[in-house]
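Reviewing the structure listed below.
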Number of protein chains: 2
Amino acid sequence: MDDIDRQLIALLQQDATQSYAALGKAVGLSAGAAHERVRKLRGQGVIRATTVDVDPAALDRGVLAFVLVDSTAWMGDRAEDFAAVPEIQEAHVIAGSAAVLVKVRTSTTERLQDVLRRLYAIDGVSGTQATVVLETFFERPLDAGQALPLGSARLGGVTPARRR
Amino acid sequence: MDDIDRQLIALLQQDATQSYAALGKAVGLSAGAAHERVRKLRGQGVIRATTVDVDPAALDRGVLAFVLVDSTAWMGDRAEDFAAVPEIQEAHVIAGSAAVLVKVRTSTTERLQDVLRRLYAIDGVSGTQATVVLETFFERPLDAGQALPLGSARLGGVTPARRR
DNA sequence: TGTGAAACTCTTGGTGC
DNA sequence: GCACCAAGAGTTTCACA
């Protein structure tokens with residue numbers, strides 16, 4: 001994982017449909033070399049998948065809410081119970097009282113209520129606190145470090161001269 | 001947006017590196033027709049981008065936290081202030097008291113503390129409540145509806161035939 | 001590990017149904 | 001709106017440095 005790898009990741013996060021030729025040019029490598037690096041990043045599990053980002057509203061999932069799930073029992077091995085609810089996009093075990101935080105997307109607030117009912121049905125769940133999102137400022141890929149684009153010749157010369 | 005479109009979206013969410021030929025076969029269409037549908041979905045903004053999903057730990061962002069940001073002023077037009085902090089992956093305006101919920105990924109809890117300091121520096125911010133995630137059950141693409149195609153022969157199929 | 005070129009796929013437009 | 005087909009582009013491999 002060197003700096004070029006991080007640049008490749010940042011470029012792919014922005015647009016994974018680019019050609020390896022374009023990718024290579026952006027980081028100063030040939031298409032073949034860029035391809036080989038990306039292939040390794042996939043193999044190592046650094047790049048877990050290539051996916052598409054879909055507009056929730058277009059799939060009739062315009063309502064976003066975060067729900068804090070309180071429980072009386074240990075929830076650490078209950079992943080499947082949450083995964084069984086398709087409207088739940090994320091589920092995290094959090095510090096504090098035995099609790100889980102879930103991110104939910106539904107078509108309407110009525111359907112949100114329905115999700116809450118299904119959460120209560122999970123064994124050990126003692127309560128929920130739903131927080132509805134009014135506006136999403138942004139949701140973005142995680143920062144891969146400074147991906148200095150184009151002709152960003154790093155002054156200061158960290159790059160070692162290639163001697164042979 | 002018919003059922004075939006939803007199937008295409010679900011397939012692309014799973015693996016956007018598939019060929020249009022494979023995509024078409026999965027939904028019972030020719031490669032050209034599948035391509036045309038995906039092209040339109042992109043044009044309509046239903047598919048917003050094609051990206052890669054990166055392992056946060058590999059980018060040294062192993063600590064995940066949700067932070068509730070309380071404020072004394074209206075925050076609805078402060079998106080840039082939050083976007084300026086690279087560790088913030090998501091920022092949402094939520095119902096209730098004037099507040100924002102942000103999702104933060106840092107390398108260590110010390111860096112998380114540093115992010116909190118920068119949040120306090122934003123004009124109008126009066127407090128923060130951070131919740132650290134102990135374990136993530138799952139994070140997945142939003143459900144595009146039942147994606148099981150026609151004769152959903154999930155036989156040999158996930159790995160693209162690599163013949164040569 | 002990277003380059004350059006060759007072999008092979010896929011994408012992507014055009015035509016007809 | 002879809003199937004079929006052809007040309008061009010991109011991917012992927014391999015010998016060599």
Side-chain angles (χ1 to χ4, degrees), chain A residues 1-53 58 144-145 147-154 157-164, chain B residues 1-53 58 144-145 149-151 156-164:
Chain A
M1 262 293 269
D2 62 5
D3 213 58
I4 292 183
D5 284 332
R6 273 182 284 273
Q7 285 181 35
L8 288 172
I9 289 172
L11 290 165
L12 286 173
Q13 282 175 329
Q14 288 169 30
D15 177 13
T17 67
Q18 295 173 79
S19 71
Y20 288 112
L23 233 43
K25 172 175 275 189
V27 301
L29 263 85
S30 69
H35 177 258
E36 176 66 8
R37 276 175 176 264
V38 173
R39 197 189 61 75
K40 281 183 183 166
L41 288 171
R42 287 190 212 271
Q44 292 167 3
V46 175
I47 294 177
R48 294 193 284 206
T50 302
T51 51
V52 289
D53 174 39
L148 313 184
L150 306 167
S152 57
R154 292 212 168 186
V158 178
T159 321
R162 305 205 337 168
R163 73 197 100 220
R164 185 135 317 180
Chain B
M1 261 296 267
D2 61 6
D3 212 57
I4 293 183
D5 283 333
R6 273 182 285 272
Q7 285 180 34
L8 288 171
I9 289 172
L11 289 166
L12 286 172
Q13 281 175 330
Q14 287 168 30
D15 178 13
T17 67
Q18 296 173 81
S19 70
Y20 288 111
L23 233 43
K25 171 175 274 187
V27 301
L29 282 164
S30 71
H35 177 260
E36 177 66 8
R37 276 173 177 267
V38 173
R39 197 189 61 74
K40 280 181 183 166
L41 287 171
R42 287 190 212 272
Q44 292 166 5
V46 175
I47 295 176
R48 294 193 285 207
T50 302
T51 50
V52 289
D53 174 39
L150 313 160
V158 181
T159 321
R162 185 133 313 199
R163 77 202 96 209
R164 193 120 313 169

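Per chain, numbering begins at 1; letters A, B, ... match sequence-line order. Since the model is a prediction, treat every value here as computed from it, not as a measurement.
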Spacing of NZ belonging to B:Lys40 relative to CE belonging to B:Met1, to within rounding of 0.5 Å = 14.0 Å
request  = Considering non-hydrogen atoms only, spot the tightest contact between B:Asp5 and B:Asp2 and give its length.
outcome  = N-OD1, 3.0 Å
key: Rounded distance [0.5 Å steps], CD1 in B:Ile4 versus CG in B:Leu29   = 4.5 Å
key: Distance below 4.0 Å between A:His35 side-chain N/O and D:dT12 OP1 or OP2   = yes
task = Starting from P on C:dT1, measure out to CD1 on A:Ile4 and report it in whole angstrom.
result = 12 Å
message = The side chain of A:Ser30 is closest to which nucleotide in this list: D:dT11, C:dT3, C:dC10?
response = C:dT3
message = From CG of A:Leu23 over to C1' of D:dT11, roughly how many Å is that when rounded to an integer?
response = 13 Å
note = One should read off an interatomic distance between A:Ile47 CD1 and A:Gln13 CD, to the nearest 0.5 angstrom, of 8.5 Å
task = Taking only heavy atoms on the protein side, list every residue of residues 36-53 of chain B lying under 4.0 Å from any atom of DNA chain C, sorted numerically.
result = none
task = Using atom CG of A:Leu29 as one end and atom C1' of C:dG4 as the other, report the distance to the nearest whole Å.
result = 13 Å
key: Candidates C:dT12, D:dT11, C:dG2 - which lies nearest the side chain of A:Ala33   = C:dG2
task = To the nearest 0.5 Å, tell me how far A:Leu23 CG sits from A:Asp15 CG.
result = 9.0 Å
key: Atom-to-atom span, CG of A:Leu8 to C1' of C:dT1 - whole angstrom   = 14 Å
note = When rounded to whole Å, the CG to P distance for the pair A:Asp2 and C:dG2 reads 8 Å
key: A:Lys25 NZ to C:dT3 C1', straight-line distance once rounded to whole Å   = 16 Å
task = State, to 0.1 Å, how close B:Leu8 and B:Ala34 come at their nearest heavy-atom pair, and which atoms those are.
result = CD1-O, 4.4 Å
